Colleague: 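Sending over a structure as C-alpha cells; questions will come in a sec.
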Amino acid sequence: MKHLLFVFLIVFLHDSSLGAQTQPWQGKFEPIDNMIKQPNSYRTASGAPGKDYWQQQADYKIKVVLNESKNTISGEEVITYYNNSPDDLSYLWIQLEQNVNKKGNEDFGGIKNNVRDGITTRKMQFLTRAIDFPAGYSIKYVKDGKGHDIKTIVNNTMMKVKLNTPLKSGTSTNLSIAWSYPITDRSMYSLSREGYEYFPEDDNTVYLIAHWFPRMAVYNDTEGWQNQQFQRLGEFALEFGNYEVEITVPEDHIVAATGALQNGDDVLSKEQRKRLSKAEKSFAKPVMIITKEEAEANEKEKSSKKKTWKFHAKHVRDFAFAASRKFMWDAQAVKLPTNTVMAMSLYPKEGLPVWQEESTKAVMHALEVYSEATFDYPYPVAISVNTSNIGMEFPMISFNGGRPKNGKISNAAKQGMVGTIIHEVGHNWFPMIVSSDERKWMWMDEGLNTFLHQRTVAERYPDYNNVTPKTIVPFMSGDKNILRPIMTTSDNELMSQFGANFYLKPTVGLQMLRNSIIGKELFDEAFREYANRWKYKHPNPGDLFRTLEDATATNLDWFYRGWFFTTDHVDMELSEVKWFKVYEEHSNIEDQQVNAKVKIEASGKNVETETRDFSDGPETITMKSTPDSGYGQFLSRLDEPELRKQLSDKNIYEITVKNKGGLVMPVTVEWEFEDGSKEIDRIPAEAWRRNEYEIQKTFVKDKKVKTVNLDPNLEYADTDMNNNSFPKEDAPSKFNSFKEKNN
C-alpha cells in the first residue's frame, strides 16, 4: 500500500495542471468550526438544542395609563422571573430603552447626518436638538416580592438590580416596578421606532407604544447577560413569557395590542362586537369593525373619560400596542392547517383607500406563505397598524408606513407599502418566535425574514419587483475598504450599508442555496427544520449554519466562509475555450500524435491574443493506445476502439474559468449551438477545492457551439458579466441580452 501511494504521489505531483495556481492558498473550503461557537451539551454539533439547553422566562402583569393631554405613559408592573439556568444570580439586568432619547445620555452616534449647506431643518434638529423635548424613564420604585426596596444602578439604557437575596438556580423571584416617561414625537428624532404621530388637521394623535416598560434582559448559555446598550439600530434580545396587560386610555380611543382582548364586552359597542363575530367567520374578505364615518365621528368627540382594555398574551417575548380615536378597523379570518388566525388592520382616514384595499390582504398572504415555509402561525391575531415613515414589528402587531397623497398612490409606493406589511408581519416568525439576538446579529432576523418576505411577494404578487441575486451586485462591487462582512454586530455597520448587508445579502445567499446550490425541496426541509428546532428558543449563527448542513447532507462551509465572513465578491471569467475534434486514422498515427501535440501547445501559448473565437475551427487531436504499463496491475482492458468510435466526430470543448472576485461559487455554463438550441451544464463549487483561482473542465457535445456563457440566468451575483462569454468580442452584446432577459 505504501509503495502504491508513493507512486501515486509522484505521478500526481508531476501533473501539469497543478502549476496553474500561482496565488496563495486561502483555505476557502476549510471548515468554519473555529469561526462559530463550539458545540456542547446546550447546543449540539448538528445545530439542534442540546439535552441541557435552558433559557430563562419572564412573566409580566402590567397596568398602564396613557395620558393624552400630557403625552405620558405611567405604569406599574410585576415581573415573575424564572432562573432556569445552572447559575445562581446575585443581580439582574433590566432594559430601559426609552433612555436612549434622554438628553445628556450617551450619544451613540453614527446614525445621523453631517452638517452641510442646504441641510433641512428636520435633519438639523436631529443633529442639534435645538428644540428640546423630554424623554427617558422616571423610576418610582423597584421592590422585591416582600415589598422591600431593591438597590439599582442605571447605566444608560440598562438598569442593574442588586437582589437582596441571590436567586438560586431553579427558583423564581418577583420584582415590582413603578415608572413613567414622556412619549416622544416621532418626527423629532431619527430612527424613531415608537412614539406619537400628531395630525394637525383634526388635532388628534396616533400612539405607537413600544419599548415602553422595563423588560428583562436575556441571560443565556453563550454570553451570560446580554446587556449590550440599546443604540437604536440593534433592536431586541428578550426572554419569552406570559403577559397580562391593562391599558387605560381615553374612552373614545381604539386599542390594538399584542395578545387576545379579554374584555370586549366592556370596550366595544354591541354593533362592533357583532361585526367582529362576523369577521371571525369571514375567510373571503375583511369585515369593517369601525367604518370611516364612525372614525371621523370619534375624531370630533375627544372624550375626557377613561376606558381600560385588557389583553392576555401567552409565550411571547414582547408586548406593544397602538391607540387612537382616529382608527378605522377591519378584520378577516385566515384558515391555517392547525388553527384560525384573525388578520386585522387599523388605519386613519389618511390611509384610504389603499389601506382598506390592501393591508389585511397582505397580512393574510404573509400568514399563509410563512406558515407553509416554517410552522403555522401560533397566535390568535396578526395586526397591521398604519403610521408614517416606519416599518416596525412586535409580537402579533406591527407598525407600517405607506400612505396615499390626496387618495392616490403610485404603483411603486403601493408595492413598498405591501412589502412593508408582509415584512413586518413576517417578523412574527423571525425573531419573535425563532428568537435570535437582534442586538448582536441583525442579519439573523432581517435576512431570514426578508428571504421569506421576498418569497411571499414572488408567489402572491408576481408583478411586483423582487430581490434577486442581481439586486446585490452594486453593493458587492463596492469599495472593499469600507465594506464589512455579514457577520458584523448590528450597531457596528455603516448606516449606508446595513440595508444591503443585513437584509439583502443574506436574502440573496439563501436564494442561491435554495435555487442553485442545494435545491428547493431539500433546502425547504432544512429551513423548516431550523425554524422548528428553534421555535421559542434563542439560536445563534452556528445553530443555523449547522442545521442547514445537517438536514441536507451538503457541505456548505465554503459558502458560509465566503458569503458571511468575507467581503469577497463573485466575478467568474471565462478566460479560455478550446475546441477539439478526435481524428480517427490508423496509418502513420505516431506522426499525427506528435504534430497534434505541438499544435495544441502552440495554441495555448497566446490565448489572450489569438484564441478569441471559433473561426479557426477545432484543433485536431489523436489518441494513442494505452500501453500495458498504463493499466498498472489491472488485467482488464478498456475497449479502446469503442472509445474512439464514441468520440469520433464529436466536439470536445475545454473551458478555463478564473476566479477574479475571490468568492468561489458553482459555475453554470450555457452552450448555444449553431442551430439555435441551448444546453446548460453545472459545475459544483467543489471544483475549486484544489485551485481556488482557476478551474478547467472538459465537455463533449454532438453539435457545434456558437457561444458559451457563464451564469446565464444571473444566479450568483456575478459583478462583471462582460467577461462571462466566448467568443470574447461578443461579450458586451451578450451581457446586454442577459440584462434584457432578466429585467
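Nothing here was measured: the structure is a model prediction, and the numbers come from that model.
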Colleague: Has Lys143 got its NZ or CZ under 6.0 Å from the middle of the six-membered ring of Tyr141, at an angle within 45 degrees of the ring axis?
Modeller: yes
Colleague: Measure the shortest side-chain to side-chain distance between Glu76 and Ile62 over non-hydrogen atoms and say whether it is less than 4.5 angstrom.
Modeller: no
Colleague: Is the backbone of Thr308 close enough, under 3.5 Å, to the side chain of Asn263 for a donor and an acceptor to pair up by distance?
Modeller: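 Side chain of Asn263 to backbone of Thr308, a donor-acceptor pair under 3.5 Å: yes, one is there.
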Colleague: Verify the distance criterion only: is there a donor paired with an acceptor across the side chains of Gln226 and Asp437 at less than 3.5 Å?
Modeller: yes
Colleague: Is the distance between the ring centroids of Phe321 and Trp212 less than 6.0 Å?
Modeller: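 Yes, close enough.
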Colleague: Which heavy atom in Phe240 sits nearest to a heavy atom in Met432, and how many Å separate them?
Modeller: CE2-O, 3.3 Å
Colleague: Quick check: are there more than 12 heavy atoms from other residues, nucleotides or ligands sitting under 6.0 Å from CD of Glu201?
Modeller: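 Check fails, neighbour count at 12 or below.
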Colleague: Does any N or O in the side chain of Arg232 come within less than 3.5 Å of the main-chain N or O of Val100, such that one atom is a donor and the other an acceptor?
Modeller: yes
Colleague: Kindly say whether the aromatic ring centers of Tyr377 and Tyr379 come within a distance under 6.0 Å.
Modeller: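 Tyr377 vs Tyr379: aromatic centres under 6.0 Å.
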Colleague: Side chains of Asn386 and Ser384: donor-acceptor distance under 3.5 Å anywhere?
Modeller: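 No donor-acceptor contact under 3.5 Å links the two side chains.
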Colleague: Output yes when a side-chain donor or acceptor of Lys140 lies under 3.5 Å from a complementary backbone atom of Trp179, and no otherwise.
Modeller: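 Checked: no pair found.
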Colleague: A side-chain contact here means heavy atoms from C-beta on lying under 4.5 Å apart; do Lys349 and Glu299 qualify?
Modeller: yes
Colleague: Between Gln57, Gln56, His538, which is the residue that forms a side-chain hydrogen bond (donor to acceptor under 3.5 Å, both in side chains) with Glu239?
Modeller: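 Passing option: His538.
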Colleague: Cationic tip of Arg129 within the cone over Phe133's six-membered ring, i.e. under 6.0 Å and within 45° of the normal?
Modeller: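 Yes, a cation-pi geometry.
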Colleague: Any heavy-atom pair between the side chains of Ile390 and Asn400 that's under 4.5 Å?
Modeller: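 No - every pair of side-chain heavy atoms lies 4.5 Å or more apart.
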Colleague: Between His312 and Tyr243, does the ring centroid distance fall short of 6.0 Å?
Modeller: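 When the ring centroids of His312 and Tyr243 are compared, they turn out to be at least 6.0 Å apart.
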Colleague: Do Thr121 and Gln125 touch side chain to side chain, with heavy atoms closer than 4.5 Å?
Modeller: no
Colleague: Among side-chain atoms of Gln262 and Glu244, is any donor-acceptor pair under 3.5 angstrom?
Modeller: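 Glu244 and Gln262 do not have a side-chain donor-acceptor pair below 3.5 Å.
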Colleague: Please work out whether the ring planes of Phe311 and Trp309 are parallel, tilted or perpendicular, with thresholds of 30° and 60°.
Modeller: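 Parallel.
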Colleague: Is Ser269 reaching over with its side chain to a backbone N or O of Gln272, donor-acceptor style, under 3.5 angstrom?
Modeller: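 Yes, the answer is positive, given that a donor and an acceptor are paired below the 3.5 Å cut-off.
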Colleague: Does the side chain of Asn449 pick up a donor-acceptor pair with the side chain of Tyr370 at under 3.5 Å?
Modeller: yes
Colleague: Going from OG1 on Thr258 to CZ on Phe394, what distance comes out if it is rounded to the nearest 0.5 angstrom?
Modeller: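 Spacing of OG1 (Thr258) from CZ (Phe394) equals 8.5 Å.
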Colleague: So, applying salt bridge (charged side-chain N to carboxylate O under 4.0 Å, His left out) with Glu235, which one of Arg193, Arg439, Lys440 is it?
Modeller: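 Checked Arg193, Arg439, Lys440 against Glu235; only one passes salt bridge (charged side-chain N to carboxylate O under 4.0 Å, His left out): Arg193.
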Colleague: Has Lys102 got its NZ or CZ under 6.0 Å from the middle of the six-membered ring of Tyr137, at an angle within 45 degrees of the ring axis?
Modeller: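 The answer is no, since Lys102 fails at least one limit relative to Tyr137.
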Colleague: Can you find a side-chain donor-acceptor pair between Tyr181 and Asn99 that sits under 3.5 Å?
Modeller: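 Looking only at side-chain atoms, Asn99 and Tyr181 do not form any donor-acceptor pair under 3.5 Å.
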Colleague: If you measure only the distance, is there a donor-acceptor pair under 3.5 Å linking the side chains of Glu393 and His423?
Modeller: no
Colleague: Would you say that Gln332 contacts Lys361 through its side chain, given a criterion of any heavy-atom pair below 4.5 Å between the two side chains?
Modeller: no
Colleague: Please answer whether the main-chain N or O of Lys326 pairs with a side-chain N or O of Ser324 as donor and acceptor at a distance below 3.5 Å.
Modeller: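 Answer holds: yes.
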Colleague: Could you verify whether a donor N or O on one side chain and an acceptor N or O on the other, from Thr360 and Asp330, lie under 3.5 Å apart?
Modeller: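 There is such a pair between these side chains.
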Colleague: Ring centroid separation for His253 and Phe327, is it under 6.0 angstrom?
Modeller: no
Colleague: Among side-chain atoms of Ser345 and Ser359, is any donor-acceptor pair under 3.5 angstrom?
Modeller: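 Their side chains do contain a donor-acceptor pair, which is all the 3.5 Å distance test asks for.
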Colleague: Using only atom types and a distance under 3.5 Å, with no angle test, would you say the side chain of Asn428 pairs donor to acceptor with the backbone of Val425?
Modeller: yes
Colleague: May I ask you to check whether His211 and Phe230 place their ring centers less than 6.0 Å from one another?
Modeller: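 Yes - the distance between ring centres of His211 and Phe230 falls below the 6.0 Å cut-off.
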Colleague: How long is the straight-line distance from NZ of Lys160 back to CD1 of Ile153, given to the nearest 0.5 Å?
Modeller: 6.0 Å
Colleague: If only side-chain N and O atoms count, and only distance matters, is there a donor-acceptor pair under 3.5 Å linking Asn204 with Tyr198?
Modeller: no
Colleague: Considering the options Glu296, Glu68, Glu301, which one meets the side-chain hydrogen bond (donor to acceptor under 3.5 Å, both in side chains) requirement together with Arg325?
Modeller: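 One option only clears the test, and that one is Glu68.
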Colleague: Does some side-chain heavy atom of Asp202 sit less than 4.5 Å from a side-chain heavy atom of Phe199?
Modeller: yes
Colleague: For the side chain of Ser176 and the backbone of Val78, is there at least one donor-acceptor N/O pair under 3.5 Å apart?
Modeller: no
Colleague: Can you see whether Ser388 engages Glu197 through a side-chain donor-acceptor pair at a distance of less than 3.5 angstrom?
Modeller: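 Checked: Ser388/Glu197 side chains pair up, N/O donor to acceptor below 3.5 Å.
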Colleague: Hey, would you say the Phe213 and Tyr60 ring centroids sit under 6.0 Å apart?
Modeller: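 Centroid separation for Phe213 and Tyr60: below 6.0 Å.
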Colleague: Could you check whether Thr291 and Glu294, counting side-chain N and O atoms only, form a donor-acceptor pair closer than 3.5 Å?
Modeller: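 Present: a donor and an acceptor within the cut-off.
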Colleague: Please check this pair: side chain of Ser303 against backbone of Asp252, looking for a donor-acceptor N/O pair closer than 3.5 Å.
Modeller: no
Colleague: Do Tyr503 and Trp443 make the cut of ring centroids closer than 6.0 angstrom?
Modeller: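 Not under 6.0 Å, so no.
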Colleague: Is there a donor-acceptor pair under 3.5 Å between the side chain of Arg186 and the backbone N or O of Gly195?
Modeller: no
Colleague: For residues His365 and Glu459, is any side-chain donor paired with an opposing acceptor at under 3.5 Å?
Modeller: no
